[in-house]
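Note that the coordinates shown come from a computational prediction; the quantities given were computed from them, not determined experimentally. Both counts, for ligands and for their atoms, begin at 1 and track the order of listing.
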Amino acid sequence: MTRLTENDIKNLSEQLEDINHMLLRCCGMNAKEVACDAAGISPNSIILEDYLVGVVPVTSGMGIITKFSESVADICRSLGMESFVTKTSDVTGLAEAVSRRPDIIFMADDYEFIAYNTATMKFTNNSYGTASGYVAALNAAAGGVKEKKVLVLGAGRVGGWSVSLLQKRGAEVTVADIDTEKAKIVAENNPGTMVASDIGESISSHNLILNASPAHVDSGYIREDTIISSPGVPHTFDKEAFRKATIIHDPLDIGVSAMAVRSASFSRPYSERKNR
Ligand code: 2YC
């Protein structure tokens, strides 16, 4: 899993409006609508304002990323939810969060990042949230991926979910990874998926790409009028790539929005349950 850096997210809260404008331009939807599409629900079937979200900083492993928790809380607030970041971290922070009766608790260590729904004890994670969010964005930008060829770059957790979710939407998926064995395993787990033998050639032969890899994509391979839905960090496309392609990217917003909406969709909000 590629770890976000402080630099990746230092201005994220201020950029949420710009990200919405980028999504509206590329997909005709804002982050909330992309997240609802990713969760398979219609935006007017859930009142996100009724949900309370607690975010708990975690110090394990490589420790806290400056403004990570605050960025997650701000993203949830931008969806209309009420959210708070606990003053304490780890188990103390979890106890602090639980005492405020949140509907959803977000916590991330260096390997797992979850949105836990307290009513149903179900959680969704960032790998699924990011894949479902960027698949929804690509589907919208492409005017639907059904029966279209889509290349997934990267056979990690986000790439694997992306292959599965693209196939569910009827796409003809090819998966590419510098570790061919990882690509083959994803293909075996998702029958009908092709494995790219030559990554450069596969980039040149697709105009719909989901880039779930941290590797640099050489713009020389990118065809004119390609759409690249790109959760991968670090985000290293050059000017030529931006001239040739529509590139959809943000460091955290789409993935966290998809997590928040999906986790909320697991239950009625506590405020509603409490008033019964
Ligand atoms: O500040 C904190 O609470 C840290 N423990 C957060 C660590 C997040 C590590 N994960 C990542 O950087 C990546 C992100 C793209 C989101 C999922 N994994």
In the protein, what heavy atom is nearest to [atom], and what distance, to one decimal place, separates them?
{"atom": "atom 3 (O) of ligand 1", "value": "Val58 N, 2.9 Å"}
{"atom": "atom 18 (N) of ligand 1", "value": "Met1 SD, 2.6 Å"}
{"atom": "atom 17 (C) of ligand 1", "value": "Asn126 OD1, 3.3 Å"}
{"atom": "atom 1 (O) of ligand 1", "value": "Ile65 N, 3.0 Å"}

Hey, are Asp37 and Arg169 close enough for a salt bridge, meaning a charged N less than 4.0 Å from a carboxylate O? yes

Should you measure from each heavy atom of [X], which atoms of ligand 1 turn up under 4.0 Å away?
{"X": "Arg3", "result": "7 (C), 11 (C), 12 (O)"}
{"X": "Leu4", "result": "11 (C), 12 (O), 14 (C), 15 (C)"}
{"X": "Thr2", "result": "11 (C), 12 (O), 13 (C)"}
{"X": "Pro57", "result": "3 (O)"}
{"X": "Asp109", "result": "7 (C), 8 (C), 9 (C)"}
{"X": "Phe113", "result": "16 (C), 17 (C)"}

Between Ala108 and ligand 1, is there a nitrogen or oxygen pair with a distance under 3.5 Å? yes

Can you list the steps and then say if Ile46 with Tyr51 is a side chain to side chain contact (heavy atoms under 4.5 Å, CB included)? CA-CA 10 Å; Ile46 190 166; Tyr51 289 82; 3.9 Å; yes

Measure Val233 to ligand 1 on non-hydrogen atoms and call it side chain, backbone, both or neither using the 4.0 Å cut-off. neither

Below a 4.0 angstrom heavy-atom separation, can you tell me which part of Ile64, side chain or backbone, both or neither, approaches ligand 1? both

Hey, are Ser42 and Asn44 close enough side-chain-wise for a donor-acceptor pair under 3.5 Å? yes

Does the side chain of Asn190 pick up a donor-acceptor pair with the side chain of Thr193 at under 3.5 Å? no

Is atom CZ of Arg100 surrounded by more than 12 heavy atoms (other residues, nucleotides or ligands) closer than 6.0 Å? no

Should Ile104 and Phe266 count as side-chain neighbours, where that means a heavy-atom distance under 4.5 Å? no

Find out whether Ile248 and Ile254 are in side-chain contact, i.e. whether some heavy atom of one side chain is under 4.5 Å from a heavy atom of the other. yes

Out of Ser89, Ser71, Gly63, whose heavy atom is nearest to atom 4 (C) of ligand 1? Gly63

Return yes when Thr59 approaches ligand 1 closer than 4.0 angstrom through a heavy atom, no otherwise. no

Given the rule in the side chain to side chain donor-acceptor pair (under 3.5 Å) test, do Asp74 and Ser71 qualify, once you have shown the distances and angles that lead to the verdict? CA-CA 5 Å; Asp74 285 345; Ser71 299; 5.8 Å; no

Let me see the working for Glu224 and Arg243 under side chain to side chain contact (heavy atoms under 4.5 Å, CB included), right down to the final yes or no. CA-CA 8 Å; Glu224 297 282 344; Arg243 188 190 61 74; 3.1 Å; yes

Side chain to side chain contact (heavy atoms under 4.5 Å, CB included) partner of Leu52, chosen from Pro102, Cys76, Ser271: Pro102

